Amino acid sequence: MLRARGLLRPGVPAAFGGSRALPATPGPGPGPAEAEGDPGLARFSSPGLERRLRGLAGVRGGFVSEREAAELLREVEPALRRGRYQRDHWDRAISGYRETERDLGGVLGGSLLPRLAPWFPPHAPPRPRAHVLDLEPGGAVGPHVDSTKFCGCTIAGLSLLSSSVLRLRSLRDPREHLELLLEPGSLYVLRGAARFEFTHEILAEPESFFGGLRVPRGRRVALIFRNAPQETPPDPLGDLPAFIEDPREPPDPK
Ligand code: OGA
Ligand code: MN
């Protein structure tokens, strides 16, 4: 039904911490002025990995305010409610979910897209159509790399309702991993190597830890933004095994 997980492709990773200022957001609490993540929301398996992924994987807490989060949920709930949670495909990358796509052309969408722009390369902005993924408390997204056919170099996810943990693991060396703590209202961004050379997953309840901190899973709704693939996808892994891609077809455009 949905068009989003088998999805992405490569591009030129622009640094997270570029010189473009993040437009003022009404999100709670002060945050870094630039389009970069909050260091306390990311845990790397080694300092070397942290250096390597600097600017390529991060989370910004309080990207939207509680009022905006409630408004976004109101906007996407009717379409989500039309679907039933899918639990039967345990062999697939994802379980306990329903999803839809939403053109964020409305008032809030109109204000959200420009705020996402600094996190994307100028030549490859986010598509205006958000992938809306609703995970029930027992749901999880298994390790995968978004399809390089359908999506570009940057993935940005806005998390609503429940906290969760996004884990990335290197395809080259599985000992290399990082955890991102996704609190409600936060935005995570994966780009370049973090998007192409690492799997990402949303941890199921029993595994849902950020370091020693247990992160209980409730229902979580994510609005995921991706950009379009470039003409020539990079081949970051050379002769290493192919990407693990979600086998599902993209959903029909509505
Ligand atoms: C996906 C995915 C992560 C999330 O749908 O491809 O990785 O934040 N989702 O829900
Ligand atoms: Mn994904």
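Given the structure is predicted, the values throughout are model-derived calculations rather than measurements.
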Residues which pass side-chain contact (heavy atoms from CB on, under 4.5 Å) with [X], listed by chain and number, not counting sequence neighbours:
X      : value
Arg43  : Glu179, Phe210
Arg84  : none
Ser170 : Arg172, Asp173, Glu176, Phe198

Partners meeting salt bridge (Lys or Arg N to Asp or Glu O under 4.0 Å) with Arg214 (sequence neighbours left out): Glu205
Check: Phe120 and Leu113 side chains under 4.5 Å, non-hydrogen atoms: no
Between His123 (side chain only) and Pro121 (backbone N and O only), is there a donor and an acceptor less than 3.5 Å apart? no
Please check: side-chain N/O of Arg167 versus main-chain N/O of Glu201, any donor-acceptor pairing under 3.5 Å? no
What's the shortest heavy-atom distance between Ala124 and Asn227, and which atoms? O-ND2, 3.0 Å
side-chain hydrogen bond (donor to acceptor under 3.5 Å, both in side chains) against Glu136, all qualifying residues, sequence neighbours excluded: Arg87
Who pairs with Ser186 by side-chain hydrogen bond (donor to acceptor under 3.5 Å, both in side chains), at least two apart in sequence or on another chain? none
Judged by modelled atom types alone, do Ser164 and Arg220 share a side-chain donor-acceptor pair under 3.5 Å? yes
Without hydrogens or angle criteria, can the side chains of Arg226 and His131 be said to hold a donor-acceptor pair below 3.5 Å? yes
Less than 6.0 angstrom from the centroid, inside 45 degrees of the normal: does Arg60 satisfy that with respect to the ring of Tyr188? no
In plain terms, say whether Arg127 and Glu101 are close enough for a salt bridge, that is, a side-chain N and a carboxylate O under 4.0 Å apart. no
